[in-house]
Amino acid sequence: QVQLVESGGGLVQAGGSLRLSCAASGRTFSRNAMGWFRQAPGKEREFVAAVIWSGSSIYYADSVKDRFTISRDNARNTVYLQMNSLKSEDTAVYYCAARRAFAIGTHPWEYDYWGQGTQVTVSS
């Protein structure tokens, strides 16, 4: 049974920071691309960031570039999303996802495993 469990969400004021974690269990993801997506009420799930297994290739959505940082610790089977300079428009449920493939994907349909999501609320 593959499980992805996110943590670290919460309520923060605009301009603040949060760090999300995604712990994977059930199999090793050290050779797979992993990503973060988010979904705001009434909107489609959108890509935030993704990283390949080595960490040497990373891709961000334009809306979070220079504010968010994705990283991974393969020894701990964990992926992180450091979010700085948060804005009210960052409010959403954030999901961790893993691909069976090695390459980065930017669409939800490219990912095979999903976490349950963690709520991030940014107050203005």
Side-chain angles (χ1 to χ4, degrees):
Q1 185 82 12
V2 173
Q3 277 195 321
L4 300 177
V5 179
E6 302 97 335
S7 61
L11 174 64
V12 63
Q13 287 189 332
S17 299
L18 282 174
R19 188 174 86 151
L20 306 183
S21 299
C22 171
S25 62
R27 58 162 286 175
T28 179
F29 287 94
S30 62
R31 294 286 178 174
N32 302 86
M34 297 193 70
W36 287 95
F37 288 78
R38 65 187 182 186
Q39 188 165 19
K43 295 189 176 181
E44 293 186 352
R45 192 168 297 190
E46 66 173 1
F47 171 76
V48 174
V51 59
I52 66 169
W53 70 272
S54 66
S56 62
S57 181
I58 291 174
Y59 191 72
Y60 296 99
D62 288 342
S63 59
V64 306
K65 204 173 293 183
D66 299 326
R67 298 188 299 122
F68 290 11
T69 302
I70 188 172
S71 61
R72 64 190 295 166
D73 183 341
N74 289 333
R76 290 184 167 84
N77 254 8
T78 302
V79 178
Y80 304 97
L81 185 69
Q82 177 66 43
M83 306 186 295
N84 298 329
S85 302
L86 283 161
K87 306 174 182 179
S88 57
E89 50 262 46
D90 294 319
T91 294
V93 177
Y94 283 71
Y95 296 91
C96 172
R99 301 189 71 190
R100 294 194 187 98
F102 299 160
I104 283 175
T106 60
H107 301 93
W109 54 263
E110 295 180 289
Y111 287 78
D112 303 289
Y113 307 101
W114 291 86
Q116 82 290 348
T118 185
Q119 177 70 47
V120 171
T121 303
V122 183
S123 63
S124 55

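Throughout, numbering of the chain's residues begins at 1 and tracks the sequence. Please read all numbers here as calculations on a predicted model, not as lab measurements.
For the residue pair Glu89 / Thr91, no side-chain donor-acceptor distance below 3.5 Å is found, with atom types taken as modelled. For the 3.5 Å distance criterion, the side chains of Asn84 and Ser17 qualify, holding a donor opposite an acceptor. Asn74 and Arg76 share no donor-acceptor pair across their side chains, judged by distance under 3.5 Å alone.
Residues Tyr60 and Phe68 come closest through the heavy atom pair CE2-O, 3.3 Å. Closest approach of Ile52 and Phe102 over heavy atoms only: CG2-O, 3.6 Å. Arg67 and Asp90 get closest at one heavy-atom pair: NH1-OD2, 2.8 Å. Closest approach of Ser124 and Ser88 over heavy atoms only: CB-CB, 4.4 Å. The minimum heavy-atom distance between Asn32 and Trp53, with the atom names listed, is N-CB, 3.8 Å.
Not counting sequence neighbours, the partners of Ser56 by the side chain to side chain donor-acceptor pair (under 3.5 Å) test are Ser54. Among residues two or more places apart in sequence or in another chain, the side chain to side chain donor-acceptor pair (under 3.5 Å) test is passed with Asp62 by Lys65.
Distance alone, capped at 3.5 Å, is enough to place a donor-acceptor pair between the Arg99 side chain and the Glu110 backbone. Between the side chain of Glu6 and the backbone N or O of Cys96 there is at least one donor-acceptor pair closer than 3.5 Å. Formation of a donor-acceptor pair under 3.5 Å by the Thr121 side chain with backbone atoms of Leu11 is not found in this model.
Tested against Val51, the residues Ile104, Ile70, Thr69 include a single side chain to side chain contact (heavy atoms under 4.5 Å, CB included) partner, Ile70.
With Tyr95 as the aromatic partner, Arg38 does not meet the cation-pi criteria of under 6.0 angstrom to the ring centre and within 45 degrees of the ring axis.
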